[in-house]
J.: 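Below is a structure I'd like to ask you about.
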Amino acid sequence: MSGYLMTQFPLVDTIDDFWTMVIDYSCENIVVLGKPTQKEDWLLGEGGDFAAGNAISVKKLQDRSPNTELAIVDYQVERERTGSESEPIRMFSLSQWSSDSLLPPSDSSLLHLLEQLDSRRRSDNTRPVVVMCRDGCTQSGLFCCISNIRDQMKMDEEVDIFQTARRLKKRRPEALENVKQYQYCYNILGLYLDSTDVYVN
């Protein structure tokens, strides 16, 4: 879907590729759904700073986590050869979402993540958001579909969930393979509408 780059957690030998993509596409936001394994601990930034392979370094700037369910951390990414820095990149991590689970751990944590991301993107909505999970589609696909449904609802005050899901599946056939996830899109939209002033006929 437009505005999102869905990917799996980078592996040890694809860390450089991942951060190069983030820099090349001028991404300012990364959504991490689930908790990386030991081999992917670089993503968590233990100790604050870490080297993303040989060409890129990542420095932790500030932890903005409002609660324990959603971690929000700002990083500075730098290409070591050129010394060029990116703008601060904000990483939103919903680590409680198990890789084995089709649905998020709580509706409120997902809605909170969407609100925080939306607040961050208000200044510049043209840059893509990187959304990643273990396999690059199970949790990421659901998140992108819900985010697009919510955005369409806010802009047009109406939404066709079936068509939104269909467009996503055209681009990523592996996404939304389970009917539970499709049904969840309807449920979470209802909760979102209950929590806002958006009126629906």
Side-chain angles (χ1 to χ4, degrees), residues 1-99 104-106 108-134 136 139-140 142-144 146-148 150-151:
M1 310 282 303
S2 60
Y4 297 98
L5 298 172
M6 289 171 46
T7 185
Q8 67 183 37
F9 293 143
L11 305 173
V12 173
D13 56 347
T14 62
I15 294 171
D16 273 351
D17 298 331
F18 171 76
W19 286 110
T20 298
M21 175 191 72
V22 169
I23 293 171
D24 288 350
Y25 283 91
S26 302
C27 300
E28 292 180 325
N29 301 293
I30 300 172
V31 174
V32 181
L33 304 170
K35 190 170 184 173
T37 62
Q38 295 294 337
K39 293 179 181 176
E40 298 150 348
D41 264 350
W42 64 271
L43 201 56
L44 303 176
E46 295 294 334
D49 302 346
F50 52 101
N54 299 321
I56 296 170
S57 66
V58 181
K59 180 180 181 181
K60 184 176 181 179
L61 297 177
Q62 184 178 3
D63 189 335
R64 298 174 175 270
S65 303
N67 61 44
T68 54
E69 284 188 343
L70 177 64
I72 303 174
V73 181
D74 290 343
Y75 292 96
Q76 187 73 52
V77 181
E78 180 179 342
R79 288 186 201 260
E80 297 199 341
R81 279 180 252 146
T82 62
S84 63
E85 290 184 349
S86 70
E87 294 179 34
I89 293 171
R90 186 160 295 168
M91 190 176 291
F92 302 85
S93 300
L94 201 56
S95 60
Q96 307 274 332
W97 194 344
S98 165
S99 296
S106 75
S108 61
S109 63
L110 181 63
L111 288 171
H112 184 65
L113 168 57
L114 288 164
E115 282 300 320
Q116 291 292 318
L117 180 61
D118 190 44
S119 170
R120 166 84 168 163
R121 294 184 78 197
R122 280 193 189 119
S123 60
D124 186 356
N125 204 15
T126 62
R127 299 181 186 201
V129 174
V130 176
V131 182
M132 64 177 140
C133 64
R134 170 77 41 166
Q139 290 84 7
S140 298
L142 179 61
F143 177 85
C144 291
I146 290 170
S147 183
N148 279 312
R150 188 173 160 274
D151 290 348

J.: Taking V129's backbone N and O only, do any of them form a donor-acceptor pair with R121's side chain (distance below 3.5 Å, no angle check)?
T.: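 No; judged by distance alone, with no hydrogens or angles, the pair does not exist.
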J.: So do the side chains of L61 and Y75 get within less than 4.5 Å of each other, counting heavy atoms only?
T.: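 Contact flag for L61/Y75 side chains = no.
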J.: About how many Å separate OG of S95 and CD of E69, when rounded to the nearest 0.5 Å?
T.: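 Between atom CD of E69 and atom OG of S95 there are 9.5 Å.
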J.: Mark yes or no for whether Q139, through its side chain, and S98, through its backbone, hold a donor-acceptor pair below 3.5 Å.
T.: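 Confirmed, Q139 side chain pairs with S98 backbone.
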J.: With a 4.5 Å heavy-atom cut-off, do I89 and N29 have their side chains touching?
T.: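 Of all side-chain heavy-atom pairs linking N29 with I89, none is under 4.5 Å.
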J.: Quick one: does S106's side chain have a donor or acceptor within less than 3.5 Å of a partner on S109's backbone?
T.: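 Between the backbone of S109 and the side chain of S106 there is a qualifying donor-acceptor contact (under 3.5 Å).
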J.: Under 3.5 Å, is there a donor-acceptor pair between the side chain of N148 and the main chain of C144?
T.: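 Between the backbone of C144 and the side chain of N148 there is a qualifying donor-acceptor contact (under 3.5 Å).
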J.: Mind listing the closest non-hydrogen atom pair of V31 and L33 along with its distance?
T.: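 Smallest heavy-atom distance, with atoms named: CG1-CD2, 3.6 Å.
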J.: Answer yes when E115 and R120 have at least one side-chain N-carboxylate O distance shorter than 4.0 Å, and no when they do not.
T.: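 Looking at E115 and R120, the cut-off is not met.
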J.: Does Y4 reach the side chain of S147, with side-chain heavy atoms less than 4.5 Å apart?
T.: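 Y4 reaches S147 side chain to side chain.
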J.: Assess the residue pair M21 and L5 against the criterion (side-chain contact (heavy atoms from CB on, under 4.5 Å)); give the C-alpha distance rounded to whole Å, side-chain angles, the decisive distance to 0.1 Å, and a yes or no.
T.: CA-CA 9 Å; M21 175 191 72; L5 298 172; 4.2 Å; yes
J.: On the six-membered ring of F143, is R150 placed so that its NZ or CZ lies under 6.0 angstrom from the centre and within 45° of the ring axis?
T.: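 The answer is no; the distance or angle limit is not met.
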